[in-house]
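Following: one structure in structure tokens, then a few remarks.
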Amino acid sequence: MNCEIDGETENQVEQEEKRRLINQVLELQHTLEDLSARVDAVKEENLKLKSENQVLGQYIENLMSASSVFQTTDTKSKRK
């Protein structure tokens, strides 16, 4: 009879270990899904910021070319 009780106890321990492992796997899957979603969001934000930077860079370039302060000066012709 002790063998039966030991066998049942061992089976219960195995079942509990399986449940624990399954819960851990499910938790890790949810974490992976969350991380994947975050990576996608960061990639999208990165593309948006790159585009905005290009627009701002072009805008600054246009302002600099339109401003006489940033025009290149020919020092040789001014000395003459």
Side-chain angles (χ1 to χ4, degrees):
M1 194 162 210
N2 271 346
C3 290
E4 285 180 29
I5 294 174
D6 288 343
E8 287 177 25
T9 304
E10 188 176 313
N11 191 25
Q12 288 174 347
V13 169
E14 286 178 5
Q15 291 298 321
E16 184 59 35
E17 180 66 13
K18 284 181 184 179
R19 279 193 290 272
R20 188 186 68 76
L21 289 172
I22 288 170
N23 287 335
Q24 188 177 12
V25 166
L26 291 173
E27 184 179 334
L28 289 171
Q29 283 178 336
H30 292 303
T31 301
L32 181 59
E33 288 171 0
D34 292 343
L35 288 172
S36 293
R38 177 71 179 133
V39 166
D40 290 341
V42 168
K43 282 182 181 178
E44 187 175 316
E45 181 69 15
N46 186 30
L47 288 174
K48 179 182 166 191
L49 291 173
K50 279 184 180 180
S51 175
E52 288 176 5
N53 282 344
Q54 287 177 340
V55 169
L56 288 173
Q58 187 63 45
Y59 177 73
I60 290 170
E61 233 177 78
N62 290 343
L63 284 176
M64 289 174 62
S65 65
S67 172
S68 61
V69 174
F70 295 105
Q71 295 297 321
T72 58
T73 58
D74 187 3
T75 54
K76 289 181 183 176
S77 63
K78 286 187 177 180
R79 289 182 186 172
K80 289 183 180 180

Taking distance alone, no hydrogens or angles, what donor-acceptor pairs closer than 3.5 Å link side-chain atoms of residues 45-63 to residues at least two apart or in another chain?
residue	atom	partner	partner atom	Å
Gln58	NE2	Asn62	OD1	3.2
Asn62	ND2	Gln58	O	3.4

Under 3.5 Å, which donor-acceptor pairs link side chains of residues 19-34 to any protein atom two or more places apart or in another chain?
residue	atom	partner	partner atom	Å
Arg19	NH2	Glu16	OE1	3.1
Arg20	NE	Glu17	OE1	3.4
Arg20	NH2	Glu17	OE2	2.8
Asn23	ND2	Arg19	O	3.3
Thr31	OG1	Glu27	O	2.9

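The environment of CD in Glu44 is sparse: at most 12 heavy-atom neighbours from other residues, nucleotides or ligands sit within 6.0 Å.
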